[in-house]
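Before any comments, here is the structure.
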Protein chains: 2
Amino acid sequence: MDDVAAAAGVSRALVSLVMNDSPKVSSERRRRVLDAADELGYRPNRAARSLAQQRSRSIGVVLNDLHNPFFAEVIDGITDAARADGLHVLINSPNRDPELEIELVENFIELRMDAVVVLGARGRPDRLAAAGREIPLVVVGDNVPGVDVVMNNDRRGGEIAVEHFAALGHQRVAHIDGGAGGGAFERRDGFWDAAVARGLDVKVLPGEYTETAGREAVDHLLAAGPLPTALFCANDVVAIGALDRLDDHGFRVPDAVSVLGYDNTNLSQLRRFSLSTIDQPRYRMGCLAMEQVLKRIAGDTSDPVTHLVEPELVPRRTTGSPSPSHSNAGGPS
Amino acid sequence: MDDVAAAAGVSRALVSLVMNDSPKVSSERRRRVLDAADELGYRPNRAARSLAQQRSRSIGVVLNDLHNPFFAEVIDGITDAARADGLHVLINSPNRDPELEIELVENFIELRMDAVVVLGARGRPDRLAAAGREIPLVVVGDNVPGVDVVMNNDRRGGEIAVEHFAALGHQRVAHIDGGAGGGAFERRDGFWDAAVARGLDVKVLPGEYTETAGREAVDHLLAAGPLPTALFCANDVVAIGALDRLDDHGFRVPDAVSVLGYDNTNLSQLRRFSLSTIDQPRYRMGCLAMEQVLKRIAGDTSDPVTHLVEPELVPRRTTGSPSPSHSNAGGPS
DNA sequence: CGCAGCGGTTGAAGCGCTTCAACATCGACT
DNA sequence: AGTCGATGTTGAAGCGCTTCAACCGCTGCG
């Protein structure tokens, strides 16, 4: 920096002002400084800058599962919102290791990020909350007491499924559960309660977020008697498994049975599946998380808040009215 | 840090030694310092540390497409290898914007990362090469002249496809091209050359890395006369599109026509598809990239090198011997 | 007794930047 | 002519850490 100042024939402080494009520099000197910097291949040192400025102008994102495309879109929202405020976004991934997750959050604190966003929190809630006391911290996709949270209204997602089925005229419905997966409880309870409230014949099968779980649940359903006419799956992958198994047994979808997924993943969009599903506004979740971060950075110290975003039905070709000509009680028609 | 030193009754320098767990500190004082740090909730400031140490002990990864699961596994390899050497990994994503990609590389330079890895380079090669002169820089998945590169041997991938088809006894084969997508040229040329060398009847259809391209290519193929008995698709998504369209027309796979994808994505693993495909050793690519980075960090200044990794056939249920009883010349049998 | 050697510790300089009080310059206004 | 404000510019202090030469107090040796 001294070299640049010397080359441009100004003081070091002036170079600094130029680098932070302060308005109080004559355009002629600014140009001279910029030229000199270019000439010398000078690059400001951000470590030194954040040390001096006491802030880094960047926020850290702890992305628990790089393989899960769900979060990619959330990050799009985060980065777009951050970029609009001149903040940089730095990501790291603990690869689903809860212990590592906390470490990486702490690493971001040591890096003096201005804030941290955790996507798909798996670490101990109390430790996350403790970190939240050291630095603005918002969690996306999971409910962690004591910190700011942005979540999908999964309970409402379950209700939407029931409403969709009811509108199509279904009476006997079932849900394949997502086990301990994120949001699975809420989806199940929302579905169950809404179905009961409408007087539908409802059934829940245990499962998890895998294709195999979907296949097995269909087998159980078949063993247990007449198939329900509509099947709400905990997520798209489960739905794919169920669809596959239904096809094995010769059931036509949606004539014999309607299938509804959750998440609107790229899978559901494949022509072959054209899976009706329920979308979570991921991009919006990212934006909301960033808005909350900005508030905290600006000095808002009010109690932690929870933002709920609303899921939305994406009807495709796997749901329809139950066909009266089909009796799926005893097998394929 | 002064506070910690005071609380522990030692000098600031000693605290620093403890924080870098130097061996020259008595275990009693070490404990006292650690306790005091804990007490005061002290966290070392890594910005200050990298300023003083002149290195950050972290490497930056520019991940061009967060939505592409391909890179997730590469990053697994990178992080595992980095962690083994006590390096942190920081990721950021330009979201396929070439201009932004360069900016983010430069941002990592300003952050004084020890090295940068670019996944799926889209930026101007000359600017990447220029950045490579300022900092150790390795590119994964694309060929950029003047920098270290780790790539899959896509040409060999095309050859493997031919070998597979030939071993199954196919005579008339075709390829749906990936257009300008990464590695598409090489896959196509490898396939073509190997097929010609074996005297096969070979045909190439233009395409791109989309489902629609797969569907359309099948339509073209049908319009052009008798279907080849084996179809090598530029990647899995294209193959899914092709499969779907073949199914629409009533062709049985693999009896009437074999279909081979590329990438071994999660799609190909779905039971419904069980798509035969060609796998790229992604994790290994990450490790290799990291090894190269470590060499450069250690001071290796030899000419840029290119590491080629070998693809591998993953046979599933969409490829088989052409069935002599099937004549697919005039439509489904 | 003196000194080398050693584990352990200290003070101070410096990493590259920001920032602030203070200063210089100059045109405009009383 | 003198003063004031606006506009630019400067030097120096300080951000939180590392590191190195120097130092301290001790043991063990000749």
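Just so it is clear: chains get the letters A, B, ... in the order the sequence lines come, proteins before strands, and each one is counted from 1.
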Protein-nucleotide distance ([X], atom [atom1]; [N], atom [atom2]), rounded to Å:
| X | N | atom1 | atom2 | value |
| --- | --- | --- | --- | --- |
| B:L17 | C:dT10 | CG | P | 10 Å |
| A:L40 | C:dG16 | CG | P | 14 Å |
| A:Y42 | C:dG16 | OH | P | 10 Å |
| A:L111 | D:dG16 | CG | C1' | 14 Å |
| B:M19 | D:dT19 | CE | P | 15 Å |

Any salt bridge between [X] and [Y], counting N to O under 4.0 Å?
| X | Y | result |
| --- | --- | --- |
| B:D114 | B:R55 | no |
| A:E291 | A:K295 | no |
| B:R127 | B:E99 | yes |

Check this one for me: any side-chain N or O of [X] less than 4.0 Å away from OP1 or OP2 of [N]?
| X | N | value |
| --- | --- | --- |
| B:R29 | C:dT9 | yes |
| B:S11 | C:dG11 | no |
| A:N45 | C:dC15 | no |

Remember a base hit wins even if backbone is also touched, and classify [X] as base, sugar-phosphate or nothing at under 4.0 Å, heavy atoms.
| X | value |
| --- | --- |
| B:R30 | nothing |
| B:D2 | nothing |
| B:R46 | nothing |

query = Of B:A13 and A:S16, whose nearest nucleotide on DNA chain C comes first from the 5' end?
reply =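 Looking at DNA chain C, the more 5' nearest nucleotide goes with B:A13.
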key: A:D263 (side chain) donor-acceptor with A:T265 (main chain) under 3.5 angstrom   = no
message = Let me confirm one number: the OG-CD distance from A:S93 to A:E101, rounded to the nearest 0.5 Å.
response =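 It is 10.0 Å, given to the nearest 0.5 Å.
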ask   = What distance separates B:N95 CG from B:L63 CG, expressed to the nearest 0.5 Å?
value =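 If I round to the nearest 0.5 Å, the distance is 9.0 Å.
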key: Nearest to side-chain heavy atoms of B:R12, which nucleotide of C:dT18, C:dT10, D:dT18   = D:dT18
task = Please tell me which of the listed nucleotides, C:dT18, D:dT18, C:dT10, lies nearest to the side chain of B:L14?
result = C:dT10
Output side-chain donor-acceptor pairs under 3.5 Å for residues 80-90 of chain A, partner residues at least two apart or in another chain, one line each.
{"from": "A:D80", "atom 1": "OD2", "to": "A:Y283", "atom 2": "OH", "distance (Å)": "2.6"}
{"from": "A:H88", "atom 1": "ND1", "to": "B:N107", "atom 2": "ND2", "distance (Å)": "3.1"}
{"from": "A:H88", "atom 1": "NE2", "to": "A:R46", "atom 2": "NH1", "distance (Å)": "3.4"}

request  = Check DNA chain C against residues 47-55 of chain B and give the residues with a non-hydrogen atom under 4.0 Å, in numerical order.
outcome  =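 Under 4.0 Å from DNA chain C: B:L51, B:A52, B:Q54.
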